[in-house]
Structure formats: structure tokens, C-alpha cells
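One structure is given below, encoded as C-alpha cells.
What you see is a predicted model, and the numbers here were worked out from it, not measured in a lab. Ligands are counted one by one from 1 in listed order, and the atoms in each one are counted from 1 as well.
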Amino acid sequence: MNTKFETIQLEQKGDFAVLTISREKSLNALNLQVHTELHACLSTLKNNADKLRGLILTGAGEKAFIAGADIVEMSKMSSQEAFDFATLGQQVSLLFEELPFPVIACVNGFALGGGCEMAMSCDFIYATQTAMFGQPEVKLGLIPGFGGTQRLAKLIGRNKAKELIFTGRNIKVEEAKEMGLVVKTFETKDEMLAAAVTTLTKIGMNSPLAVSVAKRVMNEGCDLTIEDGLKVEAKYFGEIFGTADMIEGTTAFLEKRKANFNN
Ligand code: HXC
């Protein structure tokens, strides 16, 4: 895997990898180069998915996860360039969803605008006590462009999302947790990263195939009508039957031993 990038770092630790946005001086703001590198990196991970069981996304330093899209760069963009920039960022956000293993966003400090949007495209969010979320784009005469108008509404409900996007107000971690945006909170960044590894390790002991199919069914099905969502669920439930993981999992139960999905 090519792990040589300038604005991001990919560090593989056994079955897991930590992807860090590394523009600390600009509070890890997302410019075109970050998105281009993220796109290349996530495409490679997707094509080599058998080598990994989970990914952690975080920001360099203590102050910010990602303080949004790069305002300096955006301020010079034409309408067409802005469209292309939003489209590239959206493709990156979809790649996080398409990775066939869990992705945990570990949010330290500011997760604003595009930062909040990238966190929301991960499977779930862990955050430190200093984390701050928000979609402040309207304060800049902009709207969210990396999926915020859609994913925030789906995650916390349309009206609560409207209140946050229209006011552009930042919310502290307690409120983000209460809204269901954040799953767990931690005192320090190190504690959070260690907990994310523990969670991925626990998930990694389950059938990787079943976890990836559950992720796919939930991503594909959650926005459909209940009837259509249930059809997607039944389709994949049927397809998973007869797979090596399903045979190992059920056989291990019947033989009263722990399943070993590492073959
Ligand atoms: C470019 C940024 C930046 C950003 C911070 N910096 N956020 N540069 N783009 N989004 C830079 C600052 O200019 C400064 O550089 C350095 O990082 C440190 O930031 P400070 O402002 O000095 O720190 P502080 O006073 O602690 O304030 C932190 C902050 C503030 C509250 C996070 O920086 C801020 O409000 N940033 C913008 C947040 C925002 O509006 N995000 C949404 C962007 S729009 P210098 O060189 O001066 O030291 C967006 C759209 C997504 O995300 C969709 C696009 C398609």
C-alpha cells in the first residue's frame, strides 16, 4: 500500500490503521491536496480491504480534528471549482462508507464544517471532552458541501439539523452526545485512541464478512422505506448463508468452542 502522502498519514498497526489529517498549523483544514490524497489513500484501502479490519480517522495535534474546508483556498475558487471541490469531498465521504470494515472518527478539539462532515461519514464518532462540533458555513455565506445537509439530518433528525445549520452555532461534546452524534467521550486523546483500538479489536473477533455485510445493509437500507430496507436485509441475510464465516460461526457454537474467523 502506498502510504506516502504530504497532508495525511496512514499508519498501519497490525490489523488496523490510523489515518491522521496532518495540517496542524491550519487546524487540519481540508484543502484540495488533502482531499486528493484522501481519495487516493481510501481507494487503495478499499482495493486491499483484506489486509485491514478497521480504520481510525483523527486529526494531528490536540487542538483540532478538522476545522473545516480550507477557507483561504475556497475564497479564491470559481463556482465551477467550488462544485468540483464539493464533489471530490463528497466522493471521499462516500469512500469512508464503502470501506468494508468499521471506521471510527476520533474527534479531538474542533470538528467544524467539513470536519463535522468527515466525522459523520465514519461509522461512529468517539470524542474527547474538548471536542466541538458545528456546521458554521452560513456565517461565511456558504452552505455545508461535503454531505452535512444530508448526513446531519439523517443522524440527528431534520429539524435539529436545521437549527444547527441555520444558526451555525458550535456545540460542545455533551450536547453532541445527547443528540446521538457522538457515541462515547473520553478525557484525553490517547485514552480515546486506545479505546477505539479496543473496540476495533472486539469487532475484529467477529466474522469480518458479517461485519462488512451489516455495514453495507445499514448504509444501503437505513434511508429506504421500512419495507424496502427489510428486503435489502433479507437479501444479504440469504447471501451470507453457506459462506465459510457462517459455517465456522454456527459450527463453533454447536461444538461449544470459540469461532475462529482468521482462516
Ligand atoms: C483555513 C484555518 C481554518 C480553515 C483555522 N485556520 N480554520 N485556515 N481554513 N477552516 C487557521 C487560522 O487561519 C490560523 O492560521 C490557524 O488555523 C489557527 O486558527 P485560529 O483561528 O488562530 O485559532 P483559534 O483562535 O483558536 O480559533 C479556532 C477556530 C477558528 C474557532 C476553529 O480558526 C475558526 O473559526 N476557523 C474556521 C472554522 C469554520 O468556519 N469552518 C467551516 C469552513 S467552511 P494563521 O495563519 O492565522 O495562524 C466548510 C465547508 C465545507 O467547512 C464544504 C466545502 C465544499
Legend entry - Contact residues of ligand 1 (heavy atom under 4.0 Å), by chain and number: K25, S26, L27, A29, K63, A67, G68, A69, D70, I71, M74, A86, F110, L112, G113, G114, E117, P136, E137, L140, G145, F146

Inset, instruction - Over 60° means perpendicular and under 30° means parallel, so classify the ring planes of F186 and Y126, tilted if in between. - result: tilted

Inset, instruction - Run through T130, T58, N28 and flag the one making a side chain to side chain donor-acceptor pair (under 3.5 Å) with N108. - result: T58

Inset, instruction - Apply side-chain contact (heavy atoms from CB on, under 4.5 Å) to the pair V138 and F166, showing each step before the final yes or no. - result: CA-CA 7 Å; V138 293; F166 295 175; 5.8 Å; no

Legend entry - Side chain K184, main chain A196, donor-acceptor under 3.5 Å: no

Legend entry - Cluster companions of L209 among Ile, Leu, Val, Met, Phe, Trp, Tyr (side-chain spacing under 4.5 Å): V213, V217, L224, V232, Y236, F237, I240, F241, M246, I247

Inset, instruction - Would you mind checking if E24 and K63 are paired as a salt bridge, meaning a charged N to carboxylate O distance below 4.0 Å? - result: no

